[in-house]
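Lettering follows sequence order; numbering is per chain, from 1. Worth saying up front: this structure is predicted, and the values here are computed from it rather than measured. For the numbers below, each heavy atom of this structure counts, side chains included, while hydrogens, waters and symmetry mates do not.
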Amino acid sequence: MPPKKKARVSKTASNSGKDDDQQPVASGKTTSGGGKRKPAASVEKSSESPASPHYCHWLLKSEPESRFENGVDVKFGIEDLKALPNQTGCWDGVRNYQARNFMRNMKEGQLAFFYHSNCKEPGIAGLIKIVKEAYVDHTQFDKKDIHYDASSKADNPKWSMVDVQYQRMTKRFLSLSELKKYHLQHRAEGGPLKDMALFTRARLSVQPLTSEEFDFVLGLEDKEPLVPAV
DNA sequence: GCCAACGTTGGC
DNA sequence: GCCAACGTTGGC
């Protein structure tokens, strides 16, 4: 297991959620279908979880600039991932249920954008690949780790992580401001980024992208920046 | 450094 | 189960 890495997400978060799974989805919904439906005979797939939606692409946020949390630098930019052995690292420290659940849905081989957050210039810096599917995040049991979670028990670990491998930098940096312009435009006139999680669920550190969103964003690499020089 | 948005906690 | 208080995220 690769060295340390920093995943955005919550800091201390000693949260204690329910015991295990499912947490509400941001927008509240989810609960609607609720509880126990007794399917008599027809198993009508619940309208609620179209079974884990088949997301195929992701966006993972991490901070590329130094910032100290309890004396520990949380900096972990794409260059830091690239510098690890085999250019691979574990995405530990995620302490938000929605983000965790998305990680649990990741499949080996899927691609994700590496997004730089909480920094001078936020945006997409490169591409990474999921190389190991969700497994126990050991940092939840490490009292010295900033992401230690006293409420998580060894026999029922609360948090998961995946391993990711550096693929390449995007041909040019895709800034948040540029993405936002497309988002606003698409929201007004229609277009692939109209519901992009980066804007509709801005605080999520692990986000899903539809193929349309992913393809559109990646396509920006070959276009001139929309934004007047930074 | 400010602060809006929003997730989490805990009283009731 | 509601909801106010609180804490965190992350852009600006």
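In this structure, Tyr115(A) reaches the dG11(C) phosphate: one of its side-chain N or O atoms is under 4.0 Å from OP1 or OP2.
Rounded to an integer number of Å, the gap from CG of Asn118(A) to P of dC3(B) is 17 Å. Separating the CZ atom of Phe102(A) from the P atom of dG7(B) is a distance of 12 Å, rounded to the nearest angstrom. We find that NE2 of His116(A) is positioned 15 Å from C1' of dG10(C), with the value rounded to whole Å. As rounded to whole Å, 18 Å separates atom C1' of dG1(B) from atom CZ of Phe68(A). Taking atom CG on Leu204(A) and atom C1' on dC6(B), their separation rounds to 11 Å, with Å as the unit. Going from atom CD of Glu63(A) over to atom P of dG11(C) covers 9 Å, rounded to whole Å. Straight-line distance from the CD atom of Glu121(A) to the P atom of dG11(C): 11 Å, rounded to whole Å. Between the CZ atom of Arg203(A) and the P atom of dC6(C) there is a distance of 17 Å, rounded to whole Å.
Nucleic acid contact class of Lys180(A) (heavy atoms, under 4.0 Å, all strands): sugar-phosphate only.
Applying the salt bridge (charged side-chain N to carboxylate O under 4.0 Å, His left out) test to Lys223(A) and every residue at least two apart in sequence or in another chain returns nothing. Gln167(A) is linked by a side chain to side chain contact (heavy atoms under 4.5 Å, CB included) to Leu111(A), Leu127(A), Lys129(A), Gln165(A), counting only residues two or more places apart in sequence or in another chain.
When all heavy atoms of Asp149(A) and Trp159(A) are compared, the closest pair comes out as OD2-NE1, 2.7 Å.
Listed nucleotides dG10(C), dG7(B), dG11(C) differ in distance to Gln98(A); the shortest reach to its side chain belongs to dG7(B).
Side chain to side chain, Thr200(A) and Arg187(A) fail the donor-acceptor criterion of an N or O pair below 3.5 Å.
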